[in-house]
A.B. asks: 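After the structure tokens below, expect a handful of questions from me.
Computed from a prediction, not measured in an experiment: that's the story for all the values here.
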Amino acid sequence: MAALGLGLQVRQFSTSVLRQALIRPPIDVYGVGGRYATALFSAASKQKKLEQVEKEMGTLSSLIKDPKLSSIVMNPHVKRSLKLKYFGAAMTKANLSPITVNLITVLADNGRLTLTADVIGAFAKMMSAHRGEVICTVTTAHPLDEANLADLKVALNGFLTKGETLILETKVRPYSIRALCGTIRLFNHLPSIYDRYNGLGL
């Protein structure tokens, strides 16, 4: 009951964000999960608790992976009030902040608890961009050797502006027709980067 009471006390999360000007994250993440994550980013930013909430999203991710808890809170046949009761107890035990508790309360009230992982993922992308990280995933037909990987990093770093940091992830797709098939996800603006890749000769 204590956890449920705490959730009720902070239930104004979404409506209070609507009444006030949103603090926009550095990137837009679309979809329902992205909208909740945007509201969460704004609320945490206003309270100067972005880093704390980011850590708590990791804790929340672990909670929803617990088989016992997940079987209750992710079950569409379980009443929302019961889901919140069990989820609230777990969050109280984990000593999560009112901001995070409120997020779960709003998701539960709206029947959106199944989107919790999506919200966590969207918030992680926003925080990565907040730190100036530019995430790029490159898929090649064959693993890149050290020389090609170094050349790729140099080329990509040439697009970055002051304060940005490259986070490069490489994947191998053996049956790619092209050596560099260009599965690229960028969360900051890097103009025409795919075209520039083609000049690397990989």
A.B. asks: How far apart are the C-alpha atoms of Val32 and Asp118, what are their side-chain angles, what is the distance that settles it, and do they pass the side-chain contact (heavy atoms from CB on, under 4.5 Å) test?
C.D. replies: CA-CA 8 Å; Val32 178; Asp118 292 343; over 6 Å; no
A.B. asks: SG of Cys136 to CG of Leu156: how many Å apart, nearest 0.5 Å?
C.D. replies: 5.0 Å
A.B. asks: In the structure I gave you, are the side-chain heavy atoms of Val119 and Arg112 within less than 4.5 Å of one another anywhere?
C.D. replies: no
A.B. asks: To check you understand the geometry: which heavy-atom pair defines the closest contact between Ala90 and Leu69, and what is its length?
C.D. replies: CB-CD2, 4.0 Å
A.B. asks: Are any side-chain N or O atoms of Lys83 and backbone N or O atoms of Asn75, one a donor and one an acceptor, separated by less than 3.5 Å?
C.D. replies: yes
A.B. asks: How far does CZ of Phe123 sit from OG of Ser61, to the nearest 0.5 angstrom?
C.D. replies: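 Rounded to the nearest 0.5 Å, the CZ-OG separation comes out at 13.5 Å.
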A.B. asks: If you look at every heavy atom in Phe41 and His130, which pair is closest and at what distance?
C.D. replies: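 Here Phe41 and His130 meet closest at CZ-ND1, 4.1 Å.
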A.B. asks: Testing Asp109, Asn110, Leu103 for side chain to side chain contact (heavy atoms under 4.5 Å, CB included) with Val106, which one passes?
C.D. replies: Asn110
A.B. asks: Please name the pair of heavy atoms, one in Val29 and one in Ala122, separated by the smallest distance, quoted to 0.1 Å.
C.D. replies: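 Val29 and Ala122 have their closest heavy atoms at CG1-CB, 3.6 Å.
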A.B. asks: Answer yes or no: is there a side-chain heavy-atom contact under 4.5 Å between Lys46 and Ser42?
C.D. replies: yes
A.B. asks: State, to 0.1 Å, how close Ala39 and Leu22 come at their nearest heavy-atom pair, and which atoms those are.
C.D. replies: CA-CD2, 4.4 Å
A.B. asks: Consider side chain to side chain donor-acceptor pair (under 3.5 Å). Of Lys55, Glu54, Glu56, Lys48, which one does Gln52 pass it with?
C.D. replies: Glu56
A.B. asks: Side-chain contact, heavy-atom cut-off 4.5 Å: Ser71 with Tyr86?
C.D. replies: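 No, side chains not in contact.
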A.B. asks: How far apart are the closest heavy atoms of Met126 and Gly34, and which atoms are they?
C.D. replies: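 Closest approach of Met126 to Gly34, heavy atoms only: CE-O, 3.6 Å.
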A.B. asks: Is any side-chain heavy atom of Leu113 closer than 4.5 Å to one of Arg80?
C.D. replies: no
A.B. asks: From Ile64 CD1 over to Met74 CE, what is the distance, rounded to the nearest 0.5 angstrom?
C.D. replies: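 Between atom CD1 of Ile64 and atom CE of Met74 there are 4.5 Å.
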A.B. asks: Would you call Met91 and Leu63 a side-chain contact if the rule is heavy atoms closer than 4.5 Å?
C.D. replies: yes
A.B. asks: If you define the side chain from C-beta out and look only at heavy atoms, does anything of Leu60 sit under 4.5 Å from Ile104?
C.D. replies: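 Of all side-chain heavy-atom pairs linking Ile104 with Leu60, at least one is under 4.5 Å.
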A.B. asks: What distance do Asn148 atom CG and His142 atom NE2 have between them, rounded to the nearest 0.5 Å?
C.D. replies: 12.0 Å
A.B. asks: Working to the nearest 0.5 Å, report the span between OG1 of Thr38 and CD1 of Ile23.
C.D. replies: 12.5 Å
A.B. asks: Measure the spacing between CG of Leu40 and OG1 of Thr100 and express it to the nearest 0.5 Å.
C.D. replies: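 Answer for the CG-OG1 pair, Leu40 versus Thr100, is 6.5 Å.
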